[in-house]
Q: 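Here you go, one structure.
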Amino acid sequence: MRRTEIKTILQKEEIGAEVVVKGWVRNYRGNNFVMFVALNDGSSLQNLQIVIDIEKFDAQLLKKITVGSSLSIQGTIAKSEGKGQSIEVLASSVEVLGTANADEYPLQPKKHSLEFLREIGHLRFRSNTFGAITRIRHQMIYAIHTFFHERGFYNIHTPIITGSDCEGAGEMFQVTTLDLKKLPFTKDGNIDFSEDFFGKQTNLTVSGQLEVEMACMAMSKVYTFGPTFRAENSNTSRHLAEFWMIEPEVAFADIYDDMDLAEEFLKYLISYALTNCKEDLEFLQERLLQEEKSKPEQERSMPLIEKLQFVLANDFQRLTYTEAIEILKESKPNKKGQFKYEVKGFGTDLQSEHERYLVEKHFKKPVILTGYPKEIKAFYMKQNPDGKTVAAMDVLFPQIGEIIGGSEREADYDKLYNRMVEMNIPTEELYWYLDSRRYGTVPHAGFGLGFERLMLFVTGMGNIRDVIPFPRYPKSADF
RNA sequence: UCCUCAAUAGCUCAGUUGGUUAGAGCAUCUGACUGUUAAUCAGAGGGUCACUGGUUCAAGUCCAGUUUGAGGAGCCA
């Protein structure tokens, strides 16, 4: 007989039907006559209650049923006599697929701290919280591809190993097959990378943008969704050394089209989560409410689902960097000296306290900031006619800050070339990037969305290390 | 990388001005109980007090360094 998923059994409620279910024991209890097992197979947050008549089974077999063990159960679906669930399965055959020594198994049927679960990252999928996050993560991946597919975008696999060390987005991890104990050197004392696997120095990518722009110059609407790597020594709850990024690129589009796409995209994903991950979101919301009970009332935030609906219901506030500086300059905390960094005028780099003030206090909704000073932004961004600013846009979200960073790209060959020289970007190495402006250049724009940042917002989790299965960060590459 | 705080049983935590044999709840084990819901009740076992060094008659407690974790900042997505 084929296995039926627990989710299906709970949905259909076919009383009297004969089924085979397989899964892991979350908890069990009982007495001398009857045993109740809460079984979970990952298909749903809900467990299925298995009822075992103790007299019908071998005592040695039943002893092997412990928290964490895996079972195959054949039985009939019945209306539950108990209060906690509407249906249950009365077992006619019980097979223990794998035991789990109760003395050693670290997951108990009780609340564990997220820090502890992170230490047992290989087992934390078996917790309710991480199960919910895992299901939501999958739904979001699916929704991202669906969104772009429905709008005529093509998915481009940009390289993970890159030959350029100047993608302009941070410190890179080196990739080499050279024997680190016997490095080959050139005559002038440098490491001889011509002996390396690729015959040159290579790194893990920090962004697929430059390559996806090349595809954009033929396919018009493209996106890449892949792993990116930053060797920055960032120890925060919002950064990972290995994370997944979504980078769409659209030809014949300007910065306003880019903002429209970003807002539509984020709202689509949040709306998708609300309709397709209801049960898991409700669970995470309840978890957060329990956690917040210990906090004073003013510090408590909106319940998770309400917060997601709120973002859907309101237009993102769009304003320029210059306007933001004016608002911040005139703000109470700035005048009273409550900001750690005072806002003085144009050119001030916005700190997270300033972004938070704009999003959480002043506008109380997501904000899209545009027109940043060119000095604080990347070389490829389109220079505005004012000579001071570039057509960049950052989407700022409550609690997480910058969730999206994007721009209209500089399409003019001379302007791009000169800016690269100004910023010491090696033009020979990036000849291929310049070629896109030399042959049939068109206006185009795109952005990058950190997938785990989106996950933080949708799940309401506080630490980015808890929304990716196996987080990589400084001093940590376990599992 | 910087600032602040923390590390005691498998987990979550108490541990007084430095002073006898380091405590609780949960988990585990044993037993009781005819339908449980994080079951309940009774009993038992379980500790290199993160690590290294120092002060002291005496250190879980004080000091220094190291490691790890949390919160915040920077870098960014």
Side-chain angles (χ1 to χ4, degrees), chain A residues 26-38 46-47 49-55 63 66-68 78-85 88 90 100-120 123 127-128 167-171 206-209 225 227-247 262 290 339-341 349-356 376-378 394-397 400-406 447-457 462-466 468 473-476 478:
Chain A
R26 284 293 175 83
N27 198 4
Y28 69 99
R29 50 192 165 257
N31 51 43
N32 291 332
F33 299 86
V34 63
M35 182 176 187
F36 302 96
V37 175
Q46 300 302 320
N47 299 324
Q49 174 154 284
I50 310 295
V51 184
I52 296 169
D53 186 342
I54 285 180
E55 288 174 325
K63 247 191 144 162
T66 60
V67 176
K79 205 167 160 49
S80 180
E81 291 174 35
K83 281 173 193 159
Q85 57 285 312
E88 60 196 16
L90 309 175
N101 188 333
D103 218 22
E104 297 165 3
Y105 188 66
L107 270 171
Q108 301 159 21
K110 67 168 235 178
K111 277 236 163 65
H112 286 296
S113 68
L114 293 168
E115 291 81 31
F116 174 68
L117 289 174
R118 221 174 287 146
E119 282 170 27
I120 51 163
L123 299 172
S127 66
N128 282 333
E167 286 167 342
E171 289 294 309
V206 292
S207 163
Q209 185 200 311
F225 182 4
T228 40
F229 308 87
R230 307 261 167 105
E232 239 108 59
N233 192 9
S234 299
N235 293 286
T236 80
S237 52
R238 301 182 310 280
H239 291 85
L240 290 165
E242 177 182 298
F243 64 100
W244 291 70
M245 190 152 63
I246 302 111
E247 296 172 286
Q290 292 300 323
F339 283 142
K340 202 173 163 199
Y341 298 90
D349 207 351
L350 293 184
Q351 307 292 321
S352 24
E353 59 179 349
H354 305 137
E355 295 180 352
R356 290 190 75 137
I376 58 174
K377 288 289 178 184
D394 283 358
V395 181
L396 309 178
F397 260 39
I400 13 192
E402 186 179 341
I403 194 169
I404 278 182
F447 61 78
L449 166 69
F451 182 55
E452 283 74 21
R453 295 249 172 112
L454 172 82
M455 284 296 297
L456 276 182
F457 186 74
N463 195 318
I464 202 161
R465 296 167 187 180
D466 297 323
I468 187 168
Y473 49 96
K475 301 278 167 340
S476 180
D478 290 336

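Both backbone and side-chain heavy atoms feed into the values below; hydrogens, waters and symmetry mates do not. Everything quoted here is computed from the prediction, not taken from an experiment.
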Q: Specify the residue among G405(A) and F116(A) whose closest nucleotide of RNA chain B lies further upstream toward the 5′ end.
A: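 Looking at the nearest nucleotide for each, F116(A) comes out on the 5' side.
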Q: Can a donor-acceptor pair under 3.5 Å be found between the side-chain atoms of R453(A) and the base atoms of rC76(B)?
A: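 Check passes, donor-acceptor contact within cut-off.
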Q: Under 4.0 angstrom, heavy atoms only, what part of the nucleic acid is R465(A) near: base, sugar-phosphate, or nothing?
A: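 Sugar-phosphate, backbone atoms only, no base.
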Q: Does a side-chain N or O of N32(A) approach OP1 or OP2 of rC33(B) to a distance below 4.0 Å, or not?
A: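 For N32(A), the contact criterion (side-chain N or O under 4.0 Å from OP1 or OP2 of rC33(B)) is met.
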Q: Tell me if the side-chain of E88(A) makes a donor-acceptor pair with the base of rG35(B), cut-off 3.5 Å, by modelled atom types.
A: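 Between rG35(B) and E88(A), which were checked side chain against base, a qualifying N/O pair under 3.5 Å is present.
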Q: I want to verify a distance call: between rG35(B), rC11(B), rC75(B), whose nearest atom is closest to the E232(A) side chain?
A: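 In terms of side-chain proximity for E232(A), the closest of rG35(B), rC11(B), rC75(B) is rC75(B).
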Q: Rounding to the closest angstrom, what is the interatomic distance between rG10(B) and rG46(B) at atom P?
A: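 Going atom to atom, P in each nucleotide, I get 12 Å.
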Q: Using the P atom as the point on both nucleotides, what is the distance between rG60(B) and rC49(B), in whole Å?
A: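 That atom pair is separated by 8 Å.
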Q: Which residues, if any, of residues 100-108 of chain A bring a heavy atom under 4.0 Å of RNA chain B?
A: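 RNA chain B contact set from residues 100-108 of chain A: A102(A), D103(A), Q108(A).
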Q: Nearest to the side chain of R118(A) - rG69(B), rA73(B), rA77(B)?
A: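 For the R118(A) side chain, the nearest candidate turns out to be rG69(B).
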Q: Classify the side chain of N235(A) and the base of rU1(B) as holding, or not holding, a donor-acceptor pair under 3.5 Å.
A: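 By the distance-only test, yes, there is a pair.
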Q: Side chain of N233(A), heavy atoms from C-beta onward: which of rA73(B), rU30(B), rU1(B) has the nearest atom to it?
A: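 Among the listed nucleotides, the one closest to the side chain of N233(A) is rU1(B).
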Q: Roughly how many Å apart are rC29(B) and rU21(B), using the C1' atom of each and rounding to a whole number?
A: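 The same atom, C1', in both gives a distance of 24 Å.
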Q: Any N or O donor-acceptor pair under 3.5 Å from the base of rU68(B) to the side chain of E115(A)?
A: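 Absent.
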Q: Closest to the N463(A) side chain: rG71(B), rA73(B), rG35(B)?
A: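 Nearest to the side chain of N463(A) among the choices is rG71(B).
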Q: Working to the nearest 0.5 Å, report the span between CG of N27(A) and NZ of K110(A).
A: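 If I round to the nearest 0.5 Å, the distance is 13.0 Å.
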Q: Any N or O donor-acceptor pair under 3.5 Å from the base of rA77(B) to the side chain of R238(A)?
A: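 Absent.
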Q: Looking at the side chain of S80(A), which of rU34(B), rU36(B), rG69(B) is the nearest nucleotide?
A: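 Per side-chain heavy atoms of S80(A), the pick is rU36(B).
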Q: Where the side chain of Y473(A) is concerned, which of rU12(B), rC76(B), rG69(B) is the nearest nucleotide?
A: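 Ranking rU12(B), rC76(B), rG69(B) by closest atom to the Y473(A) side chain puts rG69(B) first.
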Q: What distance, rounded to whole Å, do you find between the two P atoms, one in rC5(B) and one in rC62(B)?
A: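 So the two P atoms sit 13 Å from each other.
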Q: Tell me if the side-chain of S234(A) makes a donor-acceptor pair with the base of rC76(B), cut-off 3.5 Å, by modelled atom types.
A: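 A donor-acceptor contact between them is absent.
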Q: Of F243(A) and F36(A), whose nearest nucleotide on RNA chain B comes first from the 5' end?
A: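 The residue closer to the strand's 5' end, by nearest nucleotide, is F36(A).
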Q: Looking across every strand, which nucleic acid part, if any, lies under 4.0 Å from E353(A) by heavy atom: base, sugar-phosphate, or nothing?
A: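 Answer is nothing: E353(A) stays at 4.0 Å or more from every strand.
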Q: Check this for me: does the side-chain of H112(A) come within 3.5 Å of the base of rC11(B) through a donor and an acceptor?
A: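 Side chain to base: no pair below 3.5 Å.
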Q: Under 4.0 Å, counting only non-hydrogen atoms across every strand here, what does K377(A) touch: a base, just sugar-phosphate, or nothing?
A: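 Counting heavy atoms under 4.0 Å across all strands, no contact is made by K377(A).
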Q: If I pick the C1' atom on rG54(B) and the same atom on rU30(B), what distance separates them, to the nearest angstrom?
A: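 Straight-line distance between the two C1' atoms is 47 Å.
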Q: Once pairs are restricted to Watson-Crick or G-U wobble with both distances under 3.5 Å, how does RNA chain B read as a dot-bracket string, [ ] for crossings and | for other-strand pairs?
A: (((((((..((((.....[...)))).(((((.......))))).....(((((..]....))))))))))))....
Q: For the pair D394(A) and K377(A), find out whether any cationic side-chain nitrogen is under 4.0 Å from an anionic carboxylate oxygen.
A: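 Looking at D394(A) and K377(A), the cut-off is met.
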